[in-house]
Amino acid sequence: MIKHSLQRLLGLIPTMLMLITVAFFLIRVAPGGPFDSEKLLPPEIEANLNAKYHLDEPLVQQYFRYLGQVVVLDFGPSFQYKDWTVNELIAQGFPVSATVGLAAMILAFVVGTLLGIAAALRQNSGIDYSLMGFAMLGISVPNFVIAPILILLLAVYAGWLPAGGWDWSVANMVLPVITLSLPAIAYIARLTRGSMIEVLHSNFIRTARAKGLPESVVIRRHALRPALLPVISFLGPATAAMISGSVVIERIFSIPGLGSYFVQGALNRDYTLVMGVVIFYGMLIIILNFIVDLVYAWLNPKIRYDEKR
Amino acid sequence: MKPANMENTAAPLLEVKDLDVGFDTPEGKVHAVNCLNFSLKAGDALAIVGESGSGKTQTVMAIMGLLSENGEARGEARFKGQDLMKMSTAQLNTHRGKEIAMIFQDPMTSLNPYLRIDKQMIEVVMHHQGLNKSEARAHAVEMLRAVRIPDPERRIRQYPHEFSGGMRQRVMVAMGLLCEPDLLIADEPTTALDVTVQAQISHLMSALRENSNTAIILITHDLGVVAGLCDRVLVMYAGEAVECGSVEQIYYEPKHPYTQGLLASVPRLDQPEETGLNSIPGNPPNLLALPKGCKFRDRCPKAHDACKEKPPMQLDEQRHAWRCFLGGAA
Ligand SMILES: Nc1ncnc2c1ncn2[C@@H]1O[C@H](COP(=O)(O)OP(=O)(O)O)[C@@H](O)[C@H]1O
Ligand code: SF4
Ligand SMILES: [Mg+2]
């Protein structure tokens, strides 16, 4: 299993290379450059700047230069935040984003699975139908609609929570975390319901019931793990969804996370910042997916066993 | 209506009366079991035979309270005098696994693939007999040894997929016997297995029956398996009992044309080979709309006009019963 995991880890290298390459060339294809802001710079200054950041070199040369840096995890200086390196900006923004994202993930996993199980155990009841109705709503209504509604209700009218801002207080986190987790809660609830219903129809559950075990034991000991396997494998894609969702949410709630830097960077053609964030998030998703795969295999003895051989 | 073998003097262990099992489906109601009666004393071994789809599995599922959600059972199933049909799940759970154990048709999927064998065995004894973990494990290891699983101390720590089909079925048998049940229901325990393993499992069950006086209901569509293990046979067709008698009566004096047909399709050592392996032509009736008269009429070589009415259950002095107009003493 360990040898196999290491092999898999090495297999991630081409994926990362691809990610870096695509990120690099894609942003160069977009029209405009980092230094065409509102007021035109004198041409000689712009040329100087371009030379300083090696923007005057052929694209391929720039690419390999950049690759060389990224391999040692150096994303270079930011073009816009003059005294900052991209690494420093990431170190600044990521803890904020990660806190919100992790809290949203945990909330989504706990609430989503509980609702899904509740719906599955009361299949086709009123509870089931209303839960799944809400889930459908949660999946189909986008963040940028949910956020203002929550702000209006809980911040503006009720005045219970701040409408935005960030000072690491729980009050500040509640709305963004809820907004970010709602679609995932909805999705996980549907996923759990479906897989739980399927598992409850399997032969080994019938065996467990035939043993005279109380239904609660049957569910906890026999049904829960297989029912949660699809949810575990959804956690990888869920992370990706959380990250893209956080870009929108950090804007709406004025949270100084990585998403805010990313948006700023994209608007200003801050090549290094945008590439840095994309590659950083890309690596994060790849690594988290890898971990999720390991957990999945660990929970599933059949896979664990097959890989042992 | 009287069950076929009510003359038994000892009180029956299990007494099934007028059992009906129906399933609601989009096409209508599937009548899987119709007015079935049988009974069983302590230590009896009853075989239920019939083609696939004749309602054997659903009969015992109804008794165990394990029907699918779209299924509904009516009638009585008295176990030690108490009607299992009227029990809540919690009440049923005081009998299931403890006094009544069941071995399922498909050994490959009937064990939980995510749990080690020890966990799956230990939980039964811990729950019903209040043993602690190490006592329960020791007991489980002994049971595995009893069903001839080699190296049980090591094997018990493995997952189901590390066992062959035959070995899994042994595990199921061992698991069923952990609490020394009064009744063991085995639903085609050997069907998926090869012939030598089949023989081993049947031997195992008959040995256990002799040692612990456990009553057995053995479901099979293969009359060949029955002889070594059972003393009575119930033949089912389209959810109905069509014949019931001792193994000798069923084998040597089958009264119902369906039973005769089934026997003709069993390869037998005591008969020349040409007579073997011709299954009964035709198909069983549609369970959504059962015919009014004899349900076997469309396939019966002896069908006649009277068979448009429902034939009565005939009973002779030797407790041999059959549902047909023919074969009477007259
Ligand atoms: N959940 C269900 N819904 C509808 N029909 C069912 C269901 N379960 C079983 N049946 C039907 O009941 C009949 C009897 O099935 P079963 O008792 O399993 O037969 P067998 O004698 O082969 O064990 C079959 O025709 C089967 O299709
Ligand atoms: S009642 Fe008639 S059709 Fe039915 S089995 Fe007897 S002879 Fe055949
Ligand atoms: Mg069956």
Side-chain angles (χ1 to χ4, degrees), chain A residues 1 113 117 119-125 127-129 192-233 295-309, chain B residues 57 60-61 63-70 87-117 119-129 157-162 168 171-172 175-176 178-179 181 184-185 187:
Chain A
M1 173 105 176
T113 50
I117 292 169
L121 296 185
R122 290 169 187 73
Q123 200 190 340
N124 301 331
S125 70
I127 295 177
D128 181 22
Y129 288 133
T192 309
R193 175 186 183 270
S195 70
M196 182 55 101
I197 287 174
E198 197 183 314
V199 170
L200 287 177
H201 282 110
S202 55
N203 285 347
F204 64 84
I205 293 299
R206 199 182 51 195
T207 307
R209 288 183 176 140
K211 288 175 183 175
L213 301 172
E215 189 67 10
S216 59
V217 174
V218 172
I219 287 164
R220 250 186 304 123
R221 196 176 297 156
H222 289 271
L224 198 57
R225 185 195 292 212
L228 288 187
L229 280 177
V231 182
I232 302 287
S233 45
V295 172
Y296 188 92
W298 177 70
L299 286 175
N300 195 337
K302 185 113 169 65
I303 296 181
R304 216 188 314 164
Y305 174 80
D306 288 346
E307 290 184 354
K308 236 186 318 190
R309 292 190 295 190
Chain B
T57 299
V60 291
M61 289 295 176
I63 295 170
M64 290 288 282
L66 292 172
L67 288 177
S68 316
E69 291 124 41
N70 65 334
M87 289 186 191
S88 66
T89 308
Q91 285 172 307
L92 266 180
N93 279 343
T94 62
H95 302 287
R96 294 198 288 206
K98 187 180 179 199
E99 296 169 333
I100 312 175
M102 178 147 180
I103 299 168
F104 291 94
Q105 196 159 359
D106 186 358
M108 299 314 272
T109 59
S110 293
L111 288 165
N112 187 335
Y114 303 96
L115 297 179
R116 292 180 206 275
I117 300 299
K119 232 183 166 168
Q120 304 190 46
M121 292 186 77
I122 285 172
E123 65 179 356
V124 188
V125 238
M126 285 178 70
H127 180 70
H128 287 299
Q129 303 191 324
R157 298 205 40 80
Q158 294 182 328
Y159 286 96
H161 65 260
E162 297 172 71
R168 283 187 215 191
V171 172
M172 288 297 290
M175 210 153 85
L178 278 171
C179 295
L184 177 70
I185 301 174
D187 188 359

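Below, chains carry the letters A, B, ... as their sequence lines are ordered, and counting in each starts from 1.
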Full working for side chain to side chain contact (heavy atoms under 4.5 Å, CB included) between A:H222 and A:L213: CA-CA 11 Å; A:H222 289 271; A:L213 301 172; 3.9 Å; yes

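- Chosen from B:I103, B:L111, B:L178, the residue pairing most often with chain A at heavy-atom distances under 4.5 Å is B:L111.
- With a 4.5 angstrom heavy-atom cutoff, B:L92 does not touch chain A via any of its atoms.
- Looking at B:S110, both its backbone and its side chain come within 4.5 Å of chain A, counting heavy atoms on both sides.
- In this model, no donor atom of one side chain and acceptor atom of the other lie less than 3.5 Å apart for B:E123 and B:H127.
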Derivation of the side chain to side chain contact (heavy atoms under 4.5 Å, CB included) call for A:L224 and A:M196: CA-CA 7 Å; A:L224 198 57; A:M196 182 55 101; 4.2 Å; yes

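- Atom CG of B:D187 sits about 5.0 Å away from atom CE of B:M102, to the nearest 0.5 Å.
- Scanning both residues, B:E99 and B:P181, for their nearest heavy atoms gives O-CB, 3.4 Å.
- In this structure, chain B has no heavy atom under 4.5 Å from any part of A:I205.
- Only the side chain of B:H128 comes within less than 4.5 Å of a heavy atom of chain A; its backbone N, CA, C and O stay farther away.
- Both the backbone and the side chain of B:Q120 come within contact range of chain A, each with at least one heavy atom under 4.5 Å from a heavy atom of that chain.
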